[in-house]
Amino acid sequence: MDIKKQLQNINNSINQAEIKAQRSSGSVQLLAVSKTWPAATLRLAAQAGQNCFGENYLQEALVKIDELSELELEWHFIGPIQSNKTRDIAAHFDWVQSIDRLKIAQRLNDQRNEQQAVLNVCIQVNIDNENSKSGVNAENVISLAQQISQLSRLKLRGIMVIPTKTDHLSQQQSAFLRAHHLYSELQQQFPGIDTLSMGMTHDMQIAISAGSTMVRVGTGLFGQRLTPNV
Ligand SMILES: *Cc1c(COP(=O)(O)O)cnc(C)c1O
């Protein structure tokens, strides 16, 4: 994979999707999802101009964050969070997009160092109400947002969604539009909400047409992951 060229391709597709949706250029951010890839691969992306990276597994991420510490990168935690991981997440990440319960938010808040900037967070929403999926059901998002907004070391930035995998365009659109609706509702109640994190390699155009402000792209940028199903 020629990472520099792939990064250009992805940024071009984002730009075209913005134009097609009559949205302003630069209104959609690219998060490079770098799980399973070594620090050297991320370094290539960074050299080509990418500075936001998303990681799902804490131990793996800490190694890369340390190895790339001389670069000014922005690290987003996007994987499931167990309570015993919050201290390291609070210490080493700039964003956490996968908040799905108050307890985790409280721990991150309590463990975020006073010397550090506030931790940016998104609530992960289970937009299709899938039984096995992490995330808060849509009807519980506002009350969790209210609680998070009381936590002074966290800054609530928006929501993150991973809809059910499907090849049906109308089903994809429907999930993304429901997420956008919820996002707009949140924006009315909470100042500072500016992030609707949705869209991955295979559905980013549809997500952008539905109002995504951040797409999370792994495969499209780095190639097929060698470890499947992660
Ligand atoms: C792996 C992952 C992605 C990236 O998926 P691709 O299909 O490789 O682009 C995006 N978001 C989350 C939460 C992920 O775990």
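In listed order, ligands and their atoms are each counted from 1.
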Inset, instruction - Side-chain contact test, heavy atoms from C-beta onward, threshold under 4.5 Å: evaluate it for F176 versus S212 and give yes or no. - result: no

Inset, instruction - Find all atoms of ligand 1 within a distance of less than 4.0 Å from any non-hydrogen atom belonging to T219, and give their numbers and elements. - result: 6 (P), 7 (O), 8 (O), 9 (O)

Legend entry - Residues K103 and S83: side-chain donor-acceptor under 3.5 angstrom: yes

Legend entry - Distance-only polar pair, side chains of N11 and Q8, donor-acceptor under 3.5 Å: no

Inset, instruction - Report the part of T201 (side chain from C-beta onward, or backbone N, CA, C, O) that has a heavy atom under 4.0 Å from ligand 1; answer both or neither where that applies. - result: both

Inset, instruction - For V217, take its heavy atoms, then give the atoms of ligand 1 lying under 4.0 Å from any of them. - result: 9 (O)

Legend entry - Listed partners of Y183 passing ring pair (Phe, Tyr, Trp, His ring centres under 6.0 Å), at least two apart: none

Legend entry - Passing candidate, side chain to side chain contact (heavy atoms under 4.5 Å, CB included) with I123, options N140, L156, I142, D100: L156

Legend entry - ligand 1 to G218 polar contact by distance, N or O atoms, under 3.5 Å: yes

Inset, instruction - Please confirm whether R216 comes within less than 3.5 Å of ligand 1 when only nitrogen or oxygen atoms on both sides are compared. - result: yes

Inset, instruction - Go through ligand 1 atom by atom and flag the ones less than 4.0 Å from a non-hydrogen atom of N56. - result: 14 (C), 15 (O)

Legend entry - Which segment of H202 sits under 4.0 Å of ligand 1 when only heavy atoms are counted: neither

Legend entry - Heavy-atom side-chain proximity of M200 to D203 below 4.5 angstrom: yes

Inset, instruction - Please identify which atoms of ligand 1 are closer than 4.0 Å to at least one heavy atom of I162. - result: 13 (C)

Inset, instruction - Keeping to residues at least two apart or across chains, list the side chain to side chain donor-acceptor pair (under 3.5 Å) pairs with something in residues 88-97. - result: E74-W95, H76-Q97, Q97-S197

Inset, instruction - Would you please determine whether Q97 falls within less than 4.0 Å of ligand 1 on a heavy-atom basis? - result: no

